[in-house]
Amino acid sequence: MLSSAALVLVLSSAFFHALWNALLKRHEDPENAVVGVIAVTVVSGGLWALGLEGDAFPSSQALLWTLVAGVLESGYLATLARALHHAPLGLAYTVSRGGALLLVWPVSVLWLGERLTPWAVVGAALVALGMAVMNLVRPQEGRVGEGVLWALACAACIAGFNVSYKRALGAGAQPPALFTLSLGVALPLLVLPRLRGQSWPGLLRKVIARPLLLVAAGLLCTLSFSLLLLALAHSGAGAVLTLRNTSIAFALGLGALQGERLGRRQLAGAGLVLLGAVVLGWPRA
């Protein structure tokens, strides 16, 4: 069961995650813009890591799991950008976050020793049901269908890097160093495929086409991931990932503030997600 502090950390992380993804969706070219977002994030993470005391990676296991997380982060960011390019934000978000939830809970219980309580099962089930209700509709167009496939690949990467982060933290990695190195590994893996068929100056022009948006998204991404790691350091990966999926409800709320109309299905789904978050994260003696 999550503590009160972990509950606040994860919900805050979820909100900032929804916000930076919404900014990326607004960019005309999210597949290239994500490179700029992560570059800003790596610089921000480096500044955060300057205040480290003690060993950043006290064991080889901590370093190994950090590198694995970085590879999976690059896969997550690449597939996320493609999913957002082809499918609506709500659909891509629902498939990727819900799929990751279904993958990470069994791993957390069977491999990481996370305790599976009846309340945790109920909370996770409510969150999963809410995400399905919100915006998971059968795609009618080939382009959207391709976006759903990328979102499914994204789900596998999300589950993988969350488990890797948990293993690295358990091996003693310090969150600032873990965050900075993992995204430092992910950045060149994002850049190299984009240099095929275009020059470095051409890629750079696309990346910095909207610099203020990229800087804002990068800072929000940094804040979101740093809060996630702080929560993971003291809580189970399954519970944290499930609760962080409330970012879907936050994304719908942000859309409503921008004038997007919420249907009955989306409102009902958002209510189920938030109810599941309360059941999952409410402190109990």
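We use all heavy atoms of the structure for the numbers below, so side chains are in, but hydrogens, waters and symmetry mates are not.
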Checklist entry - Is a side-chain N or O of Thr66 found less than 3.5 angstrom from the main chain of Leu178, in a donor-acceptor match? => result no

Item to check | Side chains of Ser74 and Val185 in contact at under 4.5 Å (non-hydrogen atoms) | outcome: no

Next on the checklist: What I'd like to find out is whether the side chain of Leu227 reaches to under 4.5 Å of the side chain of Phe16, using heavy atoms alone.
Outcome noted: yes

Next on the checklist: When you group the ILVMFWY residues by side-chain heavy-atom contacts below 4.5 Å and let the links chain together, are Val43 and Phe179 in the same group?
Outcome noted: no

Checklist entry - Quick one: are Tyr76 and Ser96 in side-chain contact, heavy atoms under 4.5 Å? => result no

Item to check | Side-chain donor or acceptor of Ser44 paired with backbone N/O of Leu219 under 3.5 Å | outcome: no

Checklist entry - Would you find a donor on one side and an acceptor on the other, under 3.5 Å apart, between the side chain of Thr180 and the backbone of Ala177? => result no

Next on the checklist: Rounded at 0.5 Å granularity, tell me how far CG in Leu181 sits from CZ in Phe57.
Outcome noted: 4.5 Å

Item to check | Distance (rounded to the nearest 0.5 Å) between Leu19 CG and Phe250 CZ | outcome: 11.0 Å

Next on the checklist: Is there a path of hydrophobic side-chain contacts, each under 4.5 Å between heavy atoms of I/L/V/M/F/W/Y residues, joining Tyr165 to Val42?
Outcome noted: yes

Item to check | Close side-chain approach of Leu183 to Thr222, heavy-atom, < 4.5 Å | outcome: no

Item to check | For Val37 against Cys221, the heavy-atom pair lying closest together | outcome: CG1-CB, 4.4 Å

Checklist entry - Would Val191 and Leu204 show up in the same hydrophobic cluster when neighbours are defined by side-chain heavy atoms closer than 4.5 Å? => result yes

Checklist entry - Does Ile208 belong to the same Ile/Leu/Val/Met/Phe/Trp/Tyr cluster as Val215, with side-chain heavy atoms less than 4.5 Å apart forming each link? => result no

Next on the checklist: If you compare all heavy atoms of Ala173 against all heavy atoms of Leu169, which two are closest, and at what distance to 0.1 Å?
Outcome noted: O-CD2, 3.5 Å

Next on the checklist: Looking at every heavy atom in both Ala83 and Gly147, which two are closest together, and how far apart are they?
Outcome noted: CB-O, 3.7 Å

Next on the checklist: As an exercise, state the distance from SG of Cys154 to CG of Leu84, rounded to the nearest 0.5 Å.
Outcome noted: 8.0 Å

Next on the checklist: Within the structure provided, determine whether Asn162 and Leu228 are in side-chain contact (heavy-atom separation under 4.5 Å).
Outcome noted: yes

Checklist entry - Which heavy atom in Ser59 sits nearest to a heavy atom in Ala171, and how many Å separate them? => result OG-O, 3.1 Å

Item to check | Minimum heavy-atom distance Ala153-Thr79, with the two atoms named | outcome: CB-CG2, 3.9 Å

Next on the checklist: Using the rule given for side chain to side chain contact (heavy atoms under 4.5 Å, CB included), can you reason through Asn21 versus Leu80, listing the C-alpha separation, both sets of side-chain angles and the distance that settles it, and then say yes or no?
Outcome noted: CA-CA 9 Å; Asn21 274 249; Leu80 171 67; 3.2 Å; yes

Next on the checklist: Please enumerate all residues that pass side chain to side chain contact (heavy atoms under 4.5 Å, CB included) together with Leu72, with sequence neighbours excluded.
Outcome noted: Val68, Phe161, Ser164

Next on the checklist: Run the side chain to side chain contact (heavy atoms under 4.5 Å, CB included) test against Val8 and tell me which residues pass, sequence neighbours left out.
Outcome noted: Ser12

Checklist entry - Within the distance-only criterion (no hydrogens, no angle test), does the side chain of Ser224 pair as donor or acceptor with the backbone N or O of Ser13 below 3.5 angstrom? => result yes

Checklist entry - Can you tell me how far the CG atom of Leu214 sits from the CG atom of Asn32, to the nearest 0.5 Å? => result 10.5 Å

Item to check | Contact check, side chains of Arg194 and Lys206, non-hydrogen atoms, under 4.5 Å | outcome: no

Checklist entry - What distance separates Leu9 CG from Leu229 CG, expressed to the nearest 0.5 Å? => result 11.0 Å

Item to check | Contact list for residues 19-42, test ring pair (Phe, Tyr, Trp, His ring centres under 6.0 Å), sequence neighbours left out | outcome: His17-Trp20

Next on the checklist: Can you tell whether the side chains of Arg210 and Glu28 come within less than 4.0 Å, N to carboxylate O?
Outcome noted: yes

Item to check | Heavy-atom check, side chain of Ile38 versus side chain of Leu77, under 4.5 Å | outcome: yes

Item to check | Distance (rounded to the nearest 0.5 Å) between Glu73 CD and Phe225 CZ | outcome: 4.5 Å

Next on the checklist: Is there a path of hydrophobic side-chain contacts, each under 4.5 Å between heavy atoms, that joins Val207 and Trp200?
Outcome noted: yes

Checklist outcome for this item: Looking only at heavy atoms, the pair that brings Pro58 and Gly172 closest together is CD-O, 3.1 Å

